[in-house]
Peer 1: 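One structure, pasted below without further comment.
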Amino acid sequence: MVCGRELMPSETDLCMICRADIPLTRYFGMKRNPMADVFNARIQETVEESGRCEAYAFATALFHYSSESGYASITRELKYGRALGEGRRFARILGNELASSPLFKDVDLIVPVPLHRRRLWERGYNQAEVIASEICSCLPGARLEKRLLERVRKTRSQATLHSHERAGNVRGAFRVREACAGVAQTSGSSPGHILIVDDVFTTGATIAECHRALREVFEPQVRISAATLGVAGLE
């Protein structure tokens, strides 16, 4: 998937050289890291608008993403090339890292970033759901809620926008489904740690908007974290 060389019978998806050179972030055990700092800065923007008090949120990714790097094909082929098997395998690596981290092993609710229904119909699947499902299988006690969040309007692709345009593009684009909101607030069923999952973290605008929507329903004592396969621009 990265260098294009023919694989040996013992190799899967990546050759031994590319597997050894994956630009891993090593953020899993770090409460504060560059990705978390960007995520929290985005959250702080919404906190200042609402006046809420928000604890520092955890965030991590499997590898550093660059569009010029061959490793970008891991998320690109999952998103546009229907490489679901390959996506699941890398998502499982991410899930195992989360399960071994004291910061994420207590996650009990996993929420993928939703696609708009029209884009979901066009693509046939949501790549964030593929990743989230594998992560869920690695975290004992966690449950996957694919329908908790919905995208209420179709937005432009974030990849086509400048960084300063991305926040405005997704502002107000997500909400908790009314059918799920009551269950989320029912005494005894509220989770303690929610994980928002997407394929790539760039400016943090999309995941921060999902955080904003979830916080409308879940109390401040419920931790809301983020995890993605790739993180861009933070090497």
Peer 1: If the plane angle is over 60° it's perpendicular, under 30° parallel, otherwise tilted; pick one for Tyr71 and Phe63.
Peer 2: tilted
Peer 1: Of the non-hydrogen atoms in Val152 and Arg175, which two are nearest, and what is the gap between them?
Peer 2: CG1-NE, 3.2 Å
Peer 1: Sort and list the pairs that fulfil side-chain hydrogen bond (donor to acceptor under 3.5 Å, both in side chains) and have at least one residue in residues 82-100, not counting sequence neighbours.
Peer 2: Asp13-Arg89, Arg92-Glu134, Arg92-Ser137
Peer 1: Please check if the number of heavy atoms outside Arg26 that lie under 6.0 Å from its CZ is greater than 12.
Peer 2: no
Peer 1: Can you measure from CG (Asp198) to SG (Cys210) and round to the nearest 0.5 angstrom?
Peer 2: 7.5 Å
Peer 1: Phe201 versus Val38: any side-chain heavy-atom pair under 4.5 Å?
Peer 2: yes
Peer 1: CD1 of Ile93 to CG of Leu229: how many Å apart, nearest 0.5 Å?
Peer 2: 9.0 Å
Peer 1: Distance check, rounded to the nearest 0.5 Å: Glu45 atom CD versus Glu209 atom CD?
Peer 2: 9.5 Å
Peer 1: Looking only at non-hydrogen atoms, find the nearest pair between Ile224 and Ala57 and report the distance.
Peer 2: O-CB, 3.5 Å
Peer 1: Decide if atom CZ of Arg123 counts as having more than 12 heavy atoms of other residues, nucleotides or ligands within a radius under 6.0 Å.
Peer 2: yes
Peer 1: Side chain to side chain contact (heavy atoms under 4.5 Å, CB included) with Ile131: which of Thr228, Leu78, Thr75?
Peer 2: Leu78
Peer 1: List the steps, then state whether side-chain contact (heavy atoms from CB on, under 4.5 Å) holds for Val113 with Phe174.
Peer 2: CA-CA 9 Å; Val113 172; Phe174 304 98; 4.1 Å; yes
Peer 1: Identify the two heavy atoms, one from Arg151 and one from His116, that lie closest to each other, and give their separation to 0.1 Å.
Peer 2: CD-N, 3.5 Å
Peer 1: Centroid separation under 6.0 Å, is that true for the rings of Phe218 and His211?
Peer 2: no
Peer 1: Do other residues, nucleotides or ligands put more than 12 heavy atoms under 6.0 Å from the CD1 atom of Ile17?
Peer 2: no
Peer 1: Side-chain contact, heavy-atom cut-off 4.5 Å: Leu214 with Leu148?
Peer 2: yes
Peer 1: Locate the shortest heavy-atom distance separating Phe39 from Ala59; write the atom from each residue and the value.
Peer 2: CD2-CB, 4.0 Å
Peer 1: Is Arg212 salt-bridged to Glu216, cutoff N-O under 4.0 Å?
Peer 2: no
Peer 1: The test is side-chain contact (heavy atoms from CB on, under 4.5 Å); show your working for Thr25 and Leu62 and say whether it passes.
Peer 2: CA-CA 6 Å; Thr25 67; Leu62 180 62; over 6 Å; no
Peer 1: Rounded at 0.5 Å granularity, tell me how far CG in Leu109 sits from NE2 in His193.
Peer 2: 10.5 Å
Peer 1: What is the minimum heavy-atom distance between Val197 and Ile110, and which atoms define it?
Peer 2: CG2-CG2, 3.8 Å
Peer 1: Quick one: are Arg42 and Thr203 in side-chain contact, heavy atoms under 4.5 Å?
Peer 2: yes
Peer 1: Once rounded to the nearest 0.5 Å, what's the spacing between atom CZ of Phe104 and atom CZ of Phe58?
Peer 2: 7.0 Å
Peer 1: Is there a donor-acceptor pair under 3.5 Å between the side chain of Arg177 and the backbone N or O of Arg147?
Peer 2: yes
Peer 1: Which heavy atom in Arg76 sits nearest to a heavy atom in Ser67, and how many Å separate them?
Peer 2: NH2-O, 3.5 Å
Peer 1: Nearest 0.5 Å please: distance from the CD atom of Gln127 over to the NZ atom of Lys79.
Peer 2: 5.5 Å
